[in-house]
Amino acid sequence: MSAFDPRAVVRPGILSIAPYQPGKPVEEVERELGLGNIIKLASNENPSGPSPKVAGAINRCLADITRYPDGNGFALKAALSNHLGVEPEMITLGNGSNDVLEFLARVFASDGDEIIFSQHAFAVYPLATLAVGAKPVVTPAKDWGYDLQAISDAITEKTRLIFIANPNNPTGTWNRADELEAMLKRIPSRVIVVIDEAYCEYVPEQAYESFVNRLHKFANLVVTRTFSKIYGLAGLRVGYCVSSGEIADLLNRIRQPFNVNSLALAAALTALEDQDYVDKSRELNTNGLHQLCKGFDELRLDYIPSIGNFVSVDVGGDAQAVYESMLKQGVIVRPVAGYEMPNHLRITTGLPEENERALDALRNSLTV
Ligand SMILES: *Cc1c(COP(=O)(O)O)cnc(C)c1O
C-alpha cells in the first residue's frame, strides 16, 4: 500500500475536533471489570425509562419497517404543533436534537465565521462549529453559569450563531427569561440565537420560561428540544427545533430526507401524549436532586445548584481517581474535565436506591 496520509487532505477544522466522549455504557463496564449490578448515572437519561405506552407503539410499527418512514414526520409535527402552540411549518425534526444543532451550524456558518458559546457549555457546540470550519468563540462563565453580557460583547461582524443551553449541561445553571429577552433585544438580528431547551421539562422554577412562546418576537430565534431526556427515548434519537417558517425551510434543505426513523416517530408521538408520565418523571427528578444534594452536604462537598436531571459535584481534587473508584463499585458517573471542570463529577439523578448507591460509592471513594 502506498503511503498516504489522509490528514494531508482533510478540511480545515477537522483535526482540531476532539471526539465526543460519551458516558461509559453498562455493558462495557461489565466486560472490563467483570462486575454485575451496575448502575449508570452518566448520560442524563430518564432512570424510569419512557412511558410504558411506548413499547406498544413501537410494536405496532414493526410490521411496517420495510417502508421508509414519513420523511415529513406529519403526525409527530401535528402533535407537537398542538402541544407547543406553534404552526407545524415552524418545526424541524432531527435524529436527536444533536442533528438539528448541526443543521443550524451547516446552514448559517462556514469557513472563517464565528459561533459563540460559553465556557462549560454543552460539548456538541464546539463539535458542530469546527465541523463546518467556523471558529468557536468561548466566553467566560460567571459563577459556573452563562454571562449573557460577555456573550453579546463577543459579537463581531463574523458572528453567525450563538448557542445557549438553558438549562446548561453539565452545570445545571440557567438564565432568567427577562435577561435572555434583554439580550435578544440588544443584539443584531442577523445573528441566529439558538436556545437549547433539552432539560426544560424538568424545571420547576417560576422565573424560568421556555422561549417557544417568544418566537413571534424574534425572527432570529431558534429553540431546540429533545425526546432523549425527560421522555426517556435517548436510544431512538429524536429531537426537534422550533423557529420561523423561513428558518425551518432552510434547515429542511440540508436535512436527510428520512433522518428520523419510523419507530422513533411513533415512540415520540406516544411519549408526548403521556404528559402524566412526564409529570411523574419531573417529580422523581426533583426528589432525586434533593437526595443527591443532601448527601453532598453531609459529605461537605460543594456542588453547582442544578435544575436539570443531573448535578455536578466538586470532589475537592482531581475527579478522575474518584470516578474510577466509583466505577469499580459499579457506579458509572461522568467526569467533566473536558468541560474545564477537572474537580467535578456530573451525576444524573437516578431512582432513590440508585442515588443512595451513588452516594455510598462517592463516600467510599473520597477516602481512597
Ligand atoms: C442531552 C443534550 C441534548 C440532547 O441531545 P440529543 O441529540 O437530543 O439526544 C441537547 N443539548 C444538551 C445541552 C444536552 O445536554
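Counting starts at 1 for both ligands and their atoms, following the listed order.
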*Going by distance alone, is a donor N or O of one side chain under 3.5 Å from an acceptor N or O of the other, for T171 and Y146?*
no
*Please determine if N44 has a nitrogen or oxygen closer than 3.5 Å to a nitrogen or oxygen of ligand 1.*
no
*Between D196 and ligand 1, which residue portion shows a heavy-atom distance shorter than 4.0 Å: side chain, backbone, both, or neither?*
side chain
*With a 3.5 Å cut-off and no angle check, do the side chains of Q291 and N287 form a donor-acceptor pair?*
no
_Below 3.5 Å, N or O to N or O, backbone or side chain included: is there any such pair between S97 and ligand 1?_
yes
*If every non-hydrogen atom of P170 is compared with every non-hydrogen atom of Y339, which pair is closest and at what distance?*
CD-CD2, 3.4 Å
*Mind running side chain to side chain contact (heavy atoms under 4.5 Å, CB included) on E201 and N285 for me, showing each step along the way?*
CA-CA 11 Å; E201 298 90 350; N285 182 62; over 6 Å; no
*With under 30° as parallel and over 60° as perpendicular, where do the rings of Y240 and F227 fit, or are they tilted in between?*
tilted
*Backbone, side chain, both or neither: what part of Y199 comes under 4.0 angstrom of ligand 1, heavy atoms only?*
side chain
_Proximal atoms of ligand 1 relative to A198 (non-hydrogen, under 4.0 Å)_ = 2 (C), 3 (C), 10 (C), 11 (N), 12 (C), 14 (C)
*What residue and heavy atom of the protein are closest to atom 7 (O) of ligand 1, and at what distance?*
R237 NH2, 2.7 Å
*Any idea which of P167, G239, S228 brings a heavy atom closest to atom 9 (O) of ligand 1?*
S228
*Any donor-acceptor pair under 3.5 Å from Y208 side chain to N166 backbone*: yes
*Under 4.0 Å from any heavy atom of N169, which atoms of ligand 1 are there?*
13 (C), 14 (C), 15 (O)
*asked:* Has N309 got a side-chain atom pairing as donor or acceptor with T348's backbone, closer than 3.5 angstrom?
replied: no
_Only heavy atoms of K229, strictly under 4.0 Å: list the atoms of ligand 1 that pass._
1 (C), 2 (C), 3 (C), 4 (C), 14 (C), 15 (O)
